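So the structure is just underneath, and the comments pick up after that.
From a predicted model like this one, the values you see are computed outputs, not experimental measurements. Just follow the structure's listing: the first ligand is 1, and inside any ligand the first atom is 1. Reckoned from all heavy atoms, side chains included, excluding hydrogens, waters and symmetry mates.
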Amino acid sequence: MAETITITDNRTGESIEIPLVDGTVDAKAWRDLLPGIWFDDPSFSATSGADSAITFLDGGAGLLRYRGYPIEQLAGSTSFLEVAHLLVRGELPNGPQLKAWKSEISEAAPIHENFHKRILEGFRDDAHAMGVLVSSIAAMSTFWPDSKNIEDPDQRRCEIVRLIAKMPTVAASAYRRSEGLPYVLPDPDLDYTSNFLAMMFKTGEAPYVVDPILHDAMDMLFVLHADHEQNCSTTTARVVGSAHADPYVTVSAAASALYGPRHGGANEAVLRMLTEIGEYGNVDAFMDGVKAGDQKLMGFGHRVYKNYDPRARIVKDTAHRVFDVTGTNPLLDIALKLEEVALADPYFIDRKLYPNVDFYSGLIYQSMGFPVEMFTVLFTIGRTPGWLAHWDEMLTQNSRIARPRQRYTGPADRDVPTIDER
Ligand code: SDX
């Protein structure tokens with residue numbers, strides 16, 4: 001039987017048959033039948049905005065695959081740079097390709113001295129690290145004006161390397177500035193994640209010794225955050241990129257969306273929520289407040305996953321390995337109790353609310369020594385290859401500029417009154 005639907009305009013009796021293609025209805029056929037009639041879908045929850053070969057999600061089954069590989073396999077057996085290569089170049093690198101890729105990224109890691117002296121030093125001492133990072137990413141576009149040549153694939157490839165390479169350097173520098181610490185320059189002898197941890201936490205002249213368990217946990221967390229299909233920040237990247245803006249302002253816009261507490265800012269909000277709950281005995285009262293609509297259970301719920309977020313499961317397992325090194329985070333018991341209550345309570349079950357990637361990640365970050373305001377910065381480092389892969393894919397597809405329609409609800413046509421008539 002043909003996979004089609006038939007739409008009839010009962011005002012004219014005219015009908016059209018529209019094929020269902022990969023779970024979508026082609027809006028062009030709709031436009032032809034019903035010009036000037038729009039789908040009303042403000043948060044795009046029933047709208048496909050792109051064809052993409054990068055990431056596959058099945059929210060009902062709790063599946064996540066990057067270029068066809070299950071996240072559970074990638075998270076346990078590949079490094080973040082291998083996954084970044086997979087996302088932006090389409091395949092996992094072989095030995096020689098990985099060696100060349102690592103070298104490209106390492107060489108591009110340093111940032112211009114003016115960045116430290118003129119841009120980072122321009123912020124208030126108490127500036128939030130995400131505000132510094134979002135501004136700094138956009139400022140990068142002033143250092144590389146050639147990045148506007150977005151139709152040149154080689155130029156795009158060069159900017160993709162620069163952004164992946166420099167994100168940890170700028171992120172760590174934002175932290176060092178806020179702590180009044182001297183900047184630590186990238187060390188070409190260190191791998192990507194070791195280099196980031198050293199730029200963050202190195203003190204004095206002695207080489208920074210990276211704990212292998214913390215290194216592997218950080219690298220895996222970057223992998224888990226690397227991409228997630230058409231989420232809010234990636235959609236932002238595709239929309240801004242569709243205007244042919246340069247990749248720096250495009251990624252800055254995406255990071256701005258990620259900063260929101262409903263999105264990547266949730267990992268910071270979870271820690272603030274756990275700290276506010278304060279102790280195990282306050283969990284039930286807090287959950288009563290959630291069910292009364294007084295507040296949200298941050299780190300729970302997802303537009304796509306109506307099952308356990310597969311990343312949350314991996315993060316939770318990783319937490320125990322990190323705590324073996326750092327000592328258990330005292331807030332863990334509160335988090336575990338919140339999850340236990342939520343998974344048994346009809347309010348959350350009926351709404352299919354499960355822990356998402358942000359629920360446990362902050363506990364790890366805090367135990368590793370990151371301040372709460374750096375949590376979404378860590379998400380940004382991880383998500384950068386994903387945003388860039390979608391940006392590159394959108395340009396390769398020669399996508400048209402994103403420009404949705406609206407349902408107008410304002411006043412009808414009227415004449416302008418004089419100031420005395422108003
Ligand atoms: C990320 O899209 C992605 O892929 C994002 C992400 C990625 O990798 O890019 O996975 C990363 O952003 C994860 C989500 C992080 N955000 C949070 O943890 C913030 C808390 N969660 C909620 O704000 C909410 O769940 C969202 C924003 C994540 C999803 O919102 P939706 O899909 O618009 O769901 P909704 O608001 O329509 O909720 C449906 C119902 C409502 O109740 P009713 O009106 O039906 O009675 O569920 C309730 C909501 O009030 N609800 C919650 C809740 N989330 C939804 N109630 C309490 N606590 C919550 N967290």
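Scanning the protein for heavy atoms near atom 19 (C) of ligand 1, the closest one is M298 CE, 3.6 Å. Residue, atom and distance of the protein heavy atom nearest to atom 48 (C) of ligand 1 are R351 CD, 3.9 Å. Closest to atom 24 (C) of ligand 1 among all protein heavy atoms lies F300 O, 4.4 Å. Annotation: atom 11 (C) of ligand 1 to nearest protein heavy atom, H263 ND1, 3.8 Å.
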Legend entry - Verdict with supporting geometry, D32 and K28, salt bridge (charged side-chain N to carboxylate O under 4.0 Å, His left out): CA-CA 6 Å; D32 295 345; K28 188 178 176 314; 3.2 Å; yes
Inset, instruction - Test H116 against I111 for side-chain contact (heavy atoms from CB on, under 4.5 Å), laying out the working first. - result: CA-CA 8 Å; H116 286 139; I111 55 178; 3.5 Å; yes
Inset, instruction - Let me see the working for H228 and H390 under ring-ring contact (aromatic ring centres under 6.0 Å, His included), right down to the final yes or no. - result: CA-CA 10 Å; H228 214 240; H390 283 272; over 10 Å; no
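Here's the thing with K306: none of its N/O atoms is less than 3.5 angstrom from an N/O atom of ligand 1. Polar contact check, F348 against ligand 1: no nitrogen or oxygen pair lies under 3.5 Å apart.
Environment of CG in D350: crowded, with over 12 heavy atoms of neighbouring residues, nucleotides or ligands closer than 6.0 Å. Within a 6.0 Å sphere centred on CZ of R157, heavy atoms belonging to other residues, nucleotides or ligands number 12 at most. No more than 12 heavy atoms of other residues, nucleotides or ligands sit less than 6.0 Å from atom CG of D22. Counting heavy-atom neighbours within 6.0 Å of D51 CG, excluding the residue itself, gives a total of 12 or less.
For atom 50 (O) of ligand 1, the nearest non-hydrogen atom from the set E229, M287, K296, Q230 belongs to K296.
Ion pairing of R272 with E276 is absent here, as no side-chain N (NZ or NE/NH1/NH2) approaches a carboxylate O to less than 4.0 Å. Look at K316 and E339 and you find a salt bridge, because one of the NZ, NE, NH1 or NH2 atoms lies within 4.0 Å of a carboxylate O, short of that distance. In summary, R238 and E393 engage in a salt bridge, as defined by a charged side-chain N under 4.0 Å from a carboxylate O. Taking the charged nitrogens against the carboxylate oxygens, D345 and K291 do have a contact shorter than 4.0 Å, which makes a salt bridge.
Distance remark: protein heavy atom not present below 4.0 angstrom from atom 38 (O) of ligand 1. Protein heavy atoms come within 4.0 Å of atom 60 (N) of ligand 1. Closer than 4.0 Å to atom 31 (P) of ligand 1 lies at least one heavy atom of the protein. Remark: atom 26 (C) of ligand 1 lies closer than 4.0 Å to no protein heavy atom. Per-atom contact check: atom 44 (O) of ligand 1 does not touch the protein, criterion being a heavy-atom distance below 4.0 Å. Proximity of atom 34 (O) of ligand 1 to the protein is not indicated, since no non-hydrogen protein atom lies closer than 4.0 angstrom.
Judged by the shortest distance from any of its heavy atoms, D358 lies inside the 4.0 Å radius around the atoms of ligand 1.
Contact annotation for L353 and ligand 1: only side-chain heavy atoms (C-beta onward) come within less than 4.0 Å of the ligand. At a heavy-atom cutoff of 4.0 Å, ligand 1 is contacted by the side chain of R311 but not by its backbone. With a 4.0 Å heavy-atom cut-off, ligand 1 is reached by the backbone of P261 but not by any atom from C-beta on. The proximity of R383 to ligand 1, defined as any non-hydrogen pair under 4.0 Å, is limited to the side chain. Contact annotation for Y347 and ligand 1: only side-chain heavy atoms (C-beta onward) come within less than 4.0 Å of the ligand. The parts of R303 lying near ligand 1 are both backbone and side chain, judged by heavy-atom distances below 4.0 Å. Under 4.0 angstrom from ligand 1, there are no non-hydrogen atoms of D309.
Distances below 4.0 Å separate heavy atoms of A266 from the following atoms of ligand 1: 15 (C), 16 (N), 17 (C), 18 (O). Each of the following atoms of ligand 1 lies closer than 4.0 Å to a heavy atom of V290: 57 (C). Listed by atom number, the atoms of ligand 1 under 4.0 Å from H302 heavy atoms are 2 (O), 3 (C), 4 (O), 5 (C), 6 (C), 10 (O), 13 (C), 25 (O). If you number the atoms of ligand 1 from 1 as listed, the ones under 4.0 Å from a heavy atom of N231 come out as 2 (O), 3 (C), 4 (O), 5 (C), 9 (O). Heavy-atom contacts of G299 reach the following atoms of ligand 1: 17 (C), 18 (O) (cutoff under 4.0 Å).
Ring to ring, Y69 and F56 are not that close: their centroids are 6.0 angstrom or more apart. Taking the six-membered ring for Trp, Y354 and F348 have ring centres at least 6.0 Å apart. Proximity of the aromatic rings of F370 and F375 is defined here by a centroid distance below 6.0 angstrom, and this criterion is not met.
Counting heavy atoms from C-beta on, the side chains of R162 and W144 come closer than 4.5 Å.
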